[in-house]
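This one's a predicted model, so the numbers in the text were calculated from it and none came from an experiment. Hydrogens, waters and symmetry mates play no part in the numbers below; they use all other heavy atoms, side chains included.
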Amino acid sequence: MRGHGAVKGAAVLLALAVFTWAGASALRQAQVRRQPLTIEVISSDVDALAASRPAIDQPRVLIYHTHTWEAYEMTDDTRYTPTETWRTKDEQYNMIRIGEEIARELTACGFYVVHDKTAFEPPNLSQAYVRSLEMIDERLDAGETYDYILDIHRDAYSGLWNGANGVTVDGRQIAYVMMLVGKGTGATGSGFDERPDWPQNLALAQAITDQMNVLVPGISRDVKIKTGRFNQHVSTGALLIEVGNNKNTIDEALAACPIIAQAIAGVHAQRE
């Protein structure tokens with residue numbers, strides 16, 4: 001009986017040993033199969049900031065309007081309250097509207113666009129360029145960088161050169177566009193230590209003008225060179241663009257915006 005019990009006890013010990021080995025083996029296999037779990041927690045503020053940053057290779061544009069309240073000829077469908085003739089605070093009918101359309105078109109072309117809607121005309125129109133320059137300087141001093149700094153205006157009508165006052169494409173009237181480059185010399189440039197590198201500004205303005213006329217022949221007038229500096233000393237990508245004139249309707253000016261954006265995009269691609 002004692003021998004039978006010993007055999008039985010040995011069998012129990014062997015079973016326990018096998019069970020323990022099998023359990024340990026299973027645990028080791030489970031540890032091998034299970035991958036470490038890594039969780040990265042990003043606050044909503046940081047996530048939103050990251051999403052708002054443009055891609056590194058995305059060209060950057062600042063749009064602003066030194067003469068913010070410039071406006072166009074009123075029609076039955078586009079009536080506004082004027083501050084004076086062909087000027088209004090109403091952003092649906094002044095240069096803010098044109099800037100918004102150009103910004104939308106440039107964004108569609110892959111640009112990162114900042115549109116500053118500050119009204120620089122009040123309290124004194126003659127000091128508008130001083131105030132718009134303060135805005136640019138504040139942005140650049142804060143570390144903002146731009147490939148293009150565009151001051152969007154409308155021109156004043158002159159029957160000497162306007163003629164039909166636009167081009168017609170597929171039955172739609174499109175306002176003329178004109179690029180203006182300042183040399184920073186002469187009476188209007190006196191008192192300024194910094195002057196534009198106007199030959200480079202001119203080369204860019206001419207390239208965009210040529211590209212617009214490729215897209216729609218005759219839409220852009222010749223580049224105008226003047227003695228003032230028009231804040232163009234801040235960058236060789238600083239340009240002044242006249243979109244139509246006071247005798248155009250805002251719809252005719254808006255029709256020119258896609259062509260302006262496409263021309264800038266085309267020139268930028270060639271420069272890259």
Side-chain angles (χ1 to χ4, degrees), residues 61-75 77-106 113 115-122 125-126 128-129 131-132 135 148-169 172-182 205 208-209 212-213 216 218-226 228 230-232 238-264:
V61 180
L62 172 64
I63 292 176
Y64 72 104
H65 314 277
T66 297
H67 294 159
T68 322
W69 292 353
E70 288 178 330
Y72 297 89
E73 184 88 315
M74 282 193 279
T75 68
D77 297 327
T78 58
R79 304 202 68 79
Y80 52 80
T81 301
T83 55
E84 56 184 288
T85 306
W86 291 304
R87 278 186 138 80
T88 184
K89 295 179 183 179
D90 191 333
E91 293 184 358
Q92 287 299 307
Y93 297 104
N94 65 22
M95 299 317 300
I96 297 294
R97 176 74 183 282
I98 303 302
E100 281 288 283
E101 187 66 13
I102 294 174
R104 189 179 70 81
E105 293 288 344
L106 283 171
V113 183
H115 185 196
D116 192 299
K117 302 178 184 179
T118 305
F120 298 108
E121 294 190 19
L125 179 61
S126 66
Y129 277 101
R131 286 186 287 278
S132 62
M135 177 275 295
Y148 304 95
I149 299 176
L150 309 179
D151 190 4
I152 309 298
H153 294 244
R154 64 114 174 103
D155 206 352
Y157 177 80
S158 171
L160 295 177
W161 49 258
N162 281 111
N165 208 27
V167 296
T168 303
V169 177
R172 188 182 188 189
Q173 183 81 352
I174 305 175
Y176 289 126
V177 180
M178 185 187 72
M179 313 288 286
L180 187 150
V181 172
I208 294 172
T209 294
M212 282 192 284
N213 285 327
V216 178
I219 189 174
S220 186
R221 297 170 53 213
D222 292 342
V223 178
K224 179 178 284 188
I225 302 173
K226 298 188 73 173
F230 305 100
N231 296 344
Q232 292 175 354
L239 298 172
L240 191 155
I241 307 177
E242 306 268 15
V243 186
N245 59 65
N246 58 292
K247 298 296 286 184
N248 285 115
T249 68
I250 193 166
D251 287 338
E252 292 168 351
L254 288 168
C257 294
I259 300 150
I260 295 169
Q262 290 167 29
I264 293 171

Could you check whether Glu70 and Trp86, counting side-chain N and O atoms only, form a donor-acceptor pair closer than 3.5 Å? no
Chi angles and distances behind the side chain to side chain contact (heavy atoms under 4.5 Å, CB included) call for Leu239, Asp151: CA-CA 6 Å; Leu239 298 172; Asp151 190 4; over 6 Å; no
Taking Glu91's backbone N and O only, do any of them form a donor-acceptor pair with Glu100's side chain (distance below 3.5 Å, no angle check)? no
Aromatic centroids of Phe230 and His153 separated by under 6.0 Å: no
When you measure from the side chain of Thr78 to the backbone of Met74, do you find a donor-acceptor pair of N or O atoms at a distance under 3.5 Å? no
Just by distance, do the side chain of Asn94 and the backbone of Thr88 share a donor-acceptor pair under 3.5 Å? yes
Under 3.5 Å donor-acceptor, Arg131 side chain and Glu121 backbone: yes
Identified side-chain contact (heavy atoms from CB on, under 4.5 Å) partner of Ile241 from the options Ile63, Ile98, Ile152: Ile152
Does any N or O in the side chain of Arg97 come within less than 3.5 Å of the main-chain N or O of Gln92, such that one atom is a donor and the other an acceptor? yes
His67 versus Ala128, closest heavy-atom pair with distance: CD2-CB, 4.0 Å
Would you say the side chain of Val243 lies within less than 4.5 Å of the side chain of Ile260, judging by non-hydrogen atoms? yes
Contacts of Ala255 that satisfy side-chain contact (heavy atoms from CB on, under 4.5 Å) - sequence neighbours left out: Arg172, Ile174
Name all residues meeting the salt bridge (Lys or Arg N to Asp or Glu O under 4.0 Å) criterion together with Arg104; count only those two or more places apart in sequence or in a different chain, and write none if there are none. Glu101
Going by the rule side-chain contact (heavy atoms from CB on, under 4.5 Å), which residues pair with Glu252 if we only count those two or more places apart in sequence or in a different chain? Gln173, Ala175, Asn248, Thr249
Only counting residues at least two apart or in another chain, list the ones meeting side-chain contact (heavy atoms from CB on, under 4.5 Å) with Pro122. Trp69, Ala119
Residues two or more places apart in sequence or in another chain: which of them pass salt bridge (Lys or Arg N to Asp or Glu O under 4.0 Å) with Glu242? none
Sequence neighbours excluded, which residues qualify as side-chain contact (heavy atoms from CB on, under 4.5 Å) partners of Met135? Leu62, Tyr64, Asp116, Phe120, Arg139
Mind running side chain to side chain contact (heavy atoms under 4.5 Å, CB included) on Arg154 and Asn246 for me, showing each step along the way? CA-CA 7 Å; Arg154 64 114 174 103; Asn246 58 292; 3.8 Å; yes
Asn231 and Ser132 side chains, donor-acceptor separation under 3.5 Å: yes
Going by the angle between their ring planes, with limits at 30° and 60°, are His65 and His115 parallel, tilted or perpendicular? perpendicular
